[in-house]
**Student:** 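Have a look at this one.
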Protein chains: 2
Amino acid sequence: MIKIGVDAMGGDFAPKETVEGVNIAIKNNKDINIVLYGNEDEIKQYLLPNERISIIHTTEYVSMGEKDPISVVRNNKTASIILAMNDLKNNKIDAVVSSGPTQVLVVCGYLIVKRVSFMRRIALAPIIPSLNSPAKIVLDTGGNLSLDPSDLVDFAIYAQTLVRKMLNITNPKCALLNIGTEEGKGREVDKEAYKLLKACDKIDFIGNIESKDILTTEADIILQDGWSNNIAIKAIEGTAKALGNELKKEFKSSLGGMIGYLFARRNMKRFKDKFNTSKVGGATILGLNGIVVKSHGSSNREAFSNAIIQASNLVKTGLLKEVEKELQ
Amino acid sequence: MIKIGVDAMGGDFAPKETVEGVNIAIKNNKDINIVLYGNEDEIKQYLLPNERISIIHTTEYVSMGEKDPISVVRNNKTASIILAMNDLKNNKIDAVVSSGPTQVLVVCGYLIVKRVSFMRRIALAPIIPSLNSPAKIVLDTGGNLSLDPSDLVDFAIYAQTLVRKMLNITNPKCALLNIGTEEGKGREVDKEAYKLLKACDKIDFIGNIESKDILTTEADIILQDGWSNNIAIKAIEGTAKALGNELKKEFKSSLGGMIGYLFARRNMKRFKDKFNTSKVGGATILGLNGIVVKSHGSSNREAFSNAIIQASNLVKTGLLKEVEKELQ
């Protein structure tokens with residue numbers, strides 16, 4: 001039986017959507033136990049009783065607007081996410097799932113769960129929409145504003161194993177995000193990373209890609225530092241959202257638009273779903289002595305339930321052991 | 001009379017669309033002369049004879065795929081763009097407009113036209129679509145993979161004058177592209193840039209913005225190094241294009257979709273036009289001893305004509321003199 005720790009209090013719609021997500025996950029997955037960390041009274045408002053669910057009660061939690069993650073982690077010993085991370089460290093649970101603030105989770109990773117010995121850095125690897133495959137992952141999108149080229153090689157090897165287990169892609173391909181596709185493009189660190197990635201026979205490296213090709217590249221894994229990926233991913237998110245809003249406005253702006261929408265509404269629904277990753281899962285935090293999955297801050301119950309299942313699958317399939325083998 | 005030099009041979013659809021763009025610009029603007037640089041025979045296939053147009057004949061030109069811009073500029077003394085840049089340097093013309101490769105234009109700027117004494121760096125400032133204003137500019141998107149914070153201050157002051165003259169925005173606002181909105185976010189260089197921009201009383205600095213807000217921010221000028229802006233802008237372009245393609249596919253995929261499109265086609269046209277900047281103009285290259293406007297490589301005649309008019313306006317309104325005054 002796999003035991004998943006859930007930070008009930010993290011995320012914009014906690015604890016309602018996290019607990020409802022737990023209800024869905026536990027119903028559909030007979031081989032998991034769930035430990036909920038958070039305010040018992042609030043949790044019980046939404047929880048469907050189940051003998052495979054237990055609650056660790058605490059009234060403290062980390063709010064989404066925290067600006068200094070290190071002091072948050074050091075000074076909130078009884079916050080829900082900290083209790084969960086400590087239980088992961090002490091092997092009382094097999095994984096942690098949270099919709100809490102990314103930087104707090106990354107710092108919990110470094111300070112509580114700790115890095116695995118075979119990785120120099122921790123990376124955040126969210127799943128992003130893909131127009132030519134079920135999904136892809138981008139890493140790092142976490143706290144590494146810059147990276148050594150050799151870190152990207154570690155991340156590539158780790159991410160390949162992750163993608164195999166999580167997205168069922170047998171031979172995942174890696175690409176380096178750059179400002180041009182030719183070898184020799186970018187900063188010195190990118191030129192060096194290109195060489196190392198190309199030279200590593202454990203990596204199926206297809207070369208540089210530009211940010212305009214992220215949604216359509218054949219690569220399953222997109223590598224770059226947290227600064228650059230953050231800019232790329234948020235630009236994609238923002239553009240998709242802005243275009244969606246403009247499209248909605250246009251449909252509503254005239255009778256023709258409204259009638260058109262009525263005829264095409266199924267198509268529009270499918271169009272919208274293509275850019276929805278809540279069905280796929282959350283962001284995996286790579287490089288820790290344990291499985292930590294970060295669900296989007298605005299996750300609904302479906303997205304949160306899928307993040308729980310993702311964490312359970314990564315435990316079940318022995319991700320960490322396999323990555324250790326690959327990296328040694 | 002203002003004299004604009006046009007690189008007839010630059011761009012994906014040269015010389016046809018560049019020359020057709022010249023035909024439009026010369027017809028609608030009685031106060032400009034145009035000098036076309038390129039293959040006279042090819043140019044004449046498309047040119048409507050006009051006494052205000054002259055041709056400097058050359059059979060050489062720089063192709064779009066050039067990988068080493070510095071050696072291109074050094075070794076192609078008679079290429080169309082090099083002849084134009086030399087004439088700009090020697091004050092035979094007042095401005096250069098080209099759809100040729102960006103890096104070649106930037107290198108021509110550094111090596112031929114030369115920097116103005118009051119700027120340490122050259123920047124490329126394209127116009128991008130905006131959903132809450134006529135347009136905005138983003139700089140640098142050129143060759144500066146990294147920048148000193150003080151360079152960004154120079155760029156901000158220059159860009160404010162540019163935006164006033166080019167987009168008729170009286171009090172332009174500047175923002176710094178970052179990975180979070182709070183002060184203190186980003187790399188060391190970003191924290192320092194934030195402080196300098198905030199402290200400069202010549203700049204209306206509204207703070208950090210994230211890439212997801214580029215299309216909707218109230219800022220008219222978005223500042224960052226060429227690496228980061230390149231990633232942001234190409235991600236926006238790529239997403240808009242990919243979404244447009246998916247939308248088209250959905251409309252075509254069923255009878256309901258097709259009928260819906262017929263009803264909503266005017267709305268869809270307007271939707272598409274919101275992300276079309278060809279009406280506004282090209283990218284200005286800041287920091288040179290002369291006006292250089294780079295039109296998009298895939299410019300059609302309309303976009304190219306607007307880039308010519310943009311260059312002419314910048315000469316007419318005395319951009320360089322005014323920026324010099326501001327920066328001293």
**Student:** Give me the one residue out of A/Asp140, A/Asp148, A/Asp151 that meets salt bridge (charged side-chain N to carboxylate O under 4.0 Å, His left out) with A/Arg121.
**Tutor:**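 So, applying the salt bridge (charged side-chain N to carboxylate O under 4.0 Å, His left out) to A/Arg121 and each of A/Asp140, A/Asp148, A/Asp151, only A/Asp151 qualifies.
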**Student:** So do the side chains of A/Ile81 and A/Leu105 get within less than 4.5 Å of each other, counting heavy atoms only?
**Tutor:**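 A side-chain contact under 4.5 Å exists here.
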**Student:** Check whether A/Asp190 gets within reach of chain B through its side chain, its backbone, both or neither, counting any heavy atom under 4.5 Å.
**Tutor:**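 It is the side chain, since no backbone atom gets that close.
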**Student:** If you tally heavy-atom pairs under 4.5 Å against chain B, which of A/Ala240, A/Gly257, A/Ser211, A/Gly226 wins?
**Tutor:**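 Heavy-atom pairs under 4.5 Å are most numerous for A/Ser211.
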**Student:** Pick from B/Gly180, B/Ala235, B/Gly238: which one has the most heavy-atom pairs with chain A under 4.5 Å?
**Tutor:**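 So the answer, after comparing B/Gly180, B/Ala235, B/Gly238, is B/Ala235.
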**Student:** Charged N to carboxylate O under 4.0 angstrom, B/Glu188 versus B/Lys191?
**Tutor:**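 Salt bridge flag = yes for B/Lys191 with B/Glu188.
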**Student:** Between A/Glu246 and chain B, with a heavy-atom cut-off of 4.5 Å, which part of the residue counts as in contact: side chain, backbone, both or neither?
**Tutor:**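 The answer is both parts of A/Glu246.
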**Student:** Could you look at B/Ile231 and say if it's the side chain, the backbone, both or neither that has a heavy atom under 4.5 Å from chain A?
**Tutor:**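 Looking at B/Ile231, backbone and side chain both touch chain A.
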**Student:** Any side-chain heavy atom of B/Pro69 sitting closer than 4.5 Å to one from B/Val106?
**Tutor:**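 A side-chain contact under 4.5 Å is absent here.
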**Student:** What residue, out of A/Ile259, A/Asn245, A/Leu243, has the most heavy-atom pairs lying under 4.5 Å from chain B?
**Tutor:**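 Looking at each option in turn, the highest pair count goes to A/Leu243.
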**Student:** Which one wins on heavy-atom pair count under 4.5 Å against chain A: B/Asn229, B/Asp213, B/Asn178?
**Tutor:**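 Of the options given, most contacts go to B/Asn178.
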**Student:** Set out, in order, the CA-CA distance, both residues' side-chain angles and the distance that settles salt bridge (charged side-chain N to carboxylate O under 4.0 Å, His left out) for B/Asp225 and A/Arg187, then state yes or no.
**Tutor:** CA-CA 12 Å; B/Asp225 58 55; A/Arg187 306 160 301 183; over 6 Å; no
**Student:** What I'd like to find out is whether the side chain of A/Ser298 reaches to under 4.5 Å of the side chain of A/Phe13, using heavy atoms alone.
**Tutor:**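 The answer is yes; the side chains approach within 4.5 Å.
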**Student:** Quick check on B/Met258 against chain A: is it the side chain, the backbone, both or neither that has a heavy atom closer than 4.5 Å?
**Tutor:**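 When you check distances to chain A, no heavy atom of B/Met258 falls under 4.5 Å.
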**Student:** So which part of A/Leu177 gets closer than 4.5 Å to some heavy atom of chain B, the side chain, the backbone, both or neither?
**Tutor:**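 Answer is both: backbone and side chain atoms of A/Leu177 are under 4.5 Å from chain B.
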**Student:** Has B/Asn132 got a side-chain atom pairing as donor or acceptor with B/Thr217's backbone, closer than 3.5 angstrom?
**Tutor:**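 Yes; at least one donor-acceptor contact below 3.5 Å.
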**Student:** Taking every heavy-atom pair that is under 4.5 Å apart, which of A/Asn230, A/Ile179, A/Leu145, A/Thr216 has the most such pairs with chain B?
**Tutor:**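 Ranked by contacts with chain B, first place is A/Ile179.
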**Student:** Counting only heavy atoms closer than 4.5 Å, note whether A/Ile214 contacts chain B via side chain, backbone, both or neither.
**Tutor:**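 Neither part, no heavy atoms under 4.5 Å.
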**Student:** Looking at NZ of B/Lys269 and CD of A/Glu250, how far apart are the two atoms once the value is rounded to the nearest 0.5 Å?
**Tutor:**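 That separation rounds to 11.0 Å.
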**Student:** Looking at A/Gly184, A/Gly186, A/Ser228, which makes the most heavy-atom pairs under 4.5 Å with chain B?
**Tutor:**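 Answer, by heavy-atom pair count under 4.5 Å with chain B: A/Ser228.
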